[in-house]
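Worksheet for the structure shown next.
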There are 2 protein chains.
Amino acid sequence: MEGKPGLRERKKQRTYAAISDAAITLFLEHGFNQVSVAQVAEAAEVSKRTLFAYFPTKEDLVVHRLADHETEAARVVRARAAGTAPLTALREHFLDGLRERDPITGLNDHPQVRRLHRMILDAPSLVARMERFKAGAEHALARALEETAGVPELTARLAAAQIVAVQWALAQDNAERLAHGESADGRHEGAVADAEHAFALLEYGLRGFAG
Amino acid sequence: MEGKPGLRERKKQRTYAAISDAAITLFLEHGFNQVSVAQVAEAAEVSKRTLFAYFPTKEDLVVHRLADHETEAARVVRARAAGTAPLTALREHFLDGLRERDPITGLNDHPQVRRLHRMILDAPSLVARMERFKAGAEHALARALEETAGVPELTARLAAAQIVAVQWALAQDNAERLAHGESADGRHEGAVADAEHAFALLEYGLRGFAG
DNA sequence: GAGTAAATGTATACCAGGTGCAGAAATCAT
DNA sequence: ATGATTTCTGCACCTGGTATACATTTACTC
C-alpha cells in the first residue's frame, strides 16, 4: 500500500488546490461577502456542484487552511517529555510560536496574514466558523489531558476550556495590536511577557483579584 | 414619560410574542431545520418580511429567550458587595442557580427545557449562535472586571475567558447527564461538588496537574 | 371627529448558499 | 479497446434573507 498516487488522486489534489487558491485570491481582493461561490467556481474552472464536493461550505474555503491547528494543543500535550506538566509543554510551545511568528499566535505582520485576519473579522460567518474551530481544539485537548495526565474527565474538560480560551485571547490581543500598527518584532517582547502572565494565571489561579 | 404603553407598542409586543410562540412550538414539534421561516410566519399570521423585522435571523427566534443571560455574569460582578472578590460572587451566584434549577446551569429537567436543549444541539447553526452568545458574555464580563476590580485590560479579558469557559463547561456537563436520564434533584449534589471543584481550579490554578 | 404624517405591514421579485438528480466524461483494470 | 466505476456537470429546486414599492394602521393636530 502507499505506492504511487495515481492520476485520479493527483488530479483531485490539483483541483482542490485550484479551488482553494482561486477562493483565497478573490476573497482577499474583494472581501468574503462580496464574492459568491459561483464566482469562485468559475475562476477555478469548475462547476459549483464540484466546488461543494470538495468544500462543504463557503467558510471552509478559508478555514481548511487552519485545520491542522485544531489538534495542535492536543498533540503538544501527547508528545510532551515524561515528567513535564501539560501546562509547561503548552507554554513552551506557545512561546516557540511567538518566536517563530506563527500566525496562530497573532504575532505575524506579513501583509497577507494581516489581510486574511481582517477578512475573517469582517465576515461574521467566518468568525462563527472560527468559534467552532476553537470548540474542536478544546475537545481534542480535553481528551489528550484525560488520557495522558491521568485526570478525571470533568477536570480535563475544565482545564482544556480554560487553556484554549487563554491561548485564543492572547492571540486575539496580539493580532489586534498589530492591526493597530505595531510591528511583530516590536511587539514580541510584550507578547512574551503577556503570555507568561497568562500562563501564570492558569497555573496559580485568579485569587490575586482585588476584593 | 413612561406613562401608558400605547396601542402601537402593545400591538408590537403581541406580534413579537405571537411570532416567538409560533416558532418555538413548531421547532419543538418538528425540529429547527425541518421548519422554514415561511411556515413560522404563516403560523403567526404575519408576512415573512415582518418576521425578519422582529428577528434578524432564524436562530434569533430561539436564542432571544436567553438574551438576558448574556450579561448576567457581568451584572453579578458589578453588583457584588464591597469587599467580595468577583470570583466569590460568581461562585455564589452559580450555586444559587443550581439550587433554583436555573436552566442556564444545565440542571433543569423539565421536559420543555430538555427538548429545547436537544433541539439546539441537533442544529449546528444554533450551536454556532450559542458560541456567539458566549463570546458576548465573555466581553461583557471582561469590561465589568476591568471597571470594578481595578485590573488591567488583558488580565480582565483572560480571567473572563476562563470564567465563562468554565461556567459553560459545567452547564454542558450537567445538561449531558440529565440527557442521559439522571434527574435534576438526583444530580444536584454532584453538580454542586463539581462546581466547587471548578471554581477552586479557577482560584488556585491548574498546577496540581500530574507531571 | 376629519385629516395627515409617520410608522408598520404586505406582496412580489430577487439574490446567494446549498442539495438532488440524471447523464456525460474521465479514469482505471483487464 | 471495453466495461465498470468514479468524478464532474448542468439544471432545477429549496431556503434564508433583502430591496422595492405600495397599502394599512396608529397617533397627533385642529
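Please read all numbers here as calculations on a predicted model, not as lab measurements. Order of the sequence lines sets the chain letters (A, B, ...), proteins ahead of strands, with each chain counted from 1.
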Report the distance from atom [atom1] of [X] to atom [atom2] of [N], rounded to the nearest whole Å.
{"X": "B/Lys12", "N": "D/dA27", "atom1": "NZ", "atom2": "C1'", "result": "13 Å"}
{"X": "A/Lys11", "N": "D/dT5", "atom1": "NZ", "atom2": "P", "result": "21 Å"}
{"X": "A/Tyr54", "N": "D/dT7", "atom1": "OH", "atom2": "C1'", "result": "8 Å"}
{"X": "A/Glu42", "N": "C/dA16", "atom1": "CD", "atom2": "P", "result": "13 Å"}
{"X": "B/Arg129", "N": "D/dG16", "atom1": "CZ", "atom2": "P", "result": "16 Å"}
{"X": "B/Gln34", "N": "D/dC14", "atom1": "CD", "atom2": "P", "result": "16 Å"}
{"X": "B/Leu51", "N": "C/dT8", "atom1": "CG", "atom2": "C1'", "result": "15 Å"}
{"X": "A/Leu126", "N": "C/dG17", "atom1": "CG", "atom2": "C1'", "result": "14 Å"}

Next item on the list: Would you kindly say whether A/Gln39 and A/His30 are connected by a side-chain donor-acceptor distance under 3.5 Å?
Entry: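 No, no side-chain donor-acceptor pair sits under 3.5 Å.
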Item checked: Under 3.5 Å side-chain donor-acceptor pair for A/Asp60 and A/Thr57 ->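 Per modelled atom types, A/Asp60 and A/Thr57 side chains form a pair under 3.5 Å.
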Next item on the list: Evaluate the ring planes of B/Phe133 and B/Trp168, with Trp represented by its six-membered ring, and classify them as parallel (under 30°), tilted (30 to 60°) or perpendicular (over 60°).
Entry: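 Rings of B/Phe133 and B/Trp168: tilted, 30 to 60°.
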Tell me what [X] touches on the nucleic acid: a base, only sugar-phosphate, or nothing, going by heavy atoms under 4.0 Å.
{"X": "A/Val40", "answer": "nothing"}
{"X": "B/Ser36", "answer": "sugar-phosphate"}
{"X": "A/Phe55", "answer": "nothing"}

Notebook entry, point to check: A/Tyr54 and A/His64: ring-ring contact (aromatic ring centres under 6.0 Å, His included), yes or no, with the steps?
Noted result: CA-CA 11 Å; A/Tyr54 282 86; A/His64 79 276; over 10 Å; no
Check: Taking the nucleotide of DNA chain C with the closest heavy atom to each, which residue, A/Gln39 or A/Pro56, is nearer the 5' end?
Finding: A/Gln39
Note to self: Would the base of C/dG20 count as contacting A/Arg49 through its side chain, where contact means a donor and an acceptor less than 3.5 Å apart?
What the structure shows: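 Under the 3.5 Å cut-off, the side chain and the base do form a donor-acceptor pair.
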Margin query: I'd like to know if B/Lys48 reaches the base of D/dG17 with its side chain such that a donor and an acceptor end up less than 3.5 angstrom apart.
Written below: yes
Closest approach to the side chain of [X], judged atom by atom: which nucleotide of [options] is it?
{"X": "A/Arg8", "options": "D/dT26, D/dT9, C/dT27", "answer": "C/dT27"}
{"X": "B/Lys58", "options": "D/dC8, D/dG17, C/dG18", "answer": "D/dG17"}
{"X": "B/Val37", "options": "C/dG9, C/dT10, D/dG16", "answer": "D/dG16"}
{"X": "A/Phe52", "options": "D/dG17, D/dT6, C/dG18", "answer": "C/dG18"}

Check: Side-chain N or O of B/Ser47 less than 4.0 angstrom from OP1 or OP2 on C/dT10?
Finding: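 For C/dT10, OP1 or OP2 has a side-chain N or O of B/Ser47 closer than 4.0 Å.
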Check: With no hydrogens and no angle check, is any side-chain donor or acceptor of A/Thr155 less than 3.5 Å from a backbone partner on A/Val151?
Finding: no
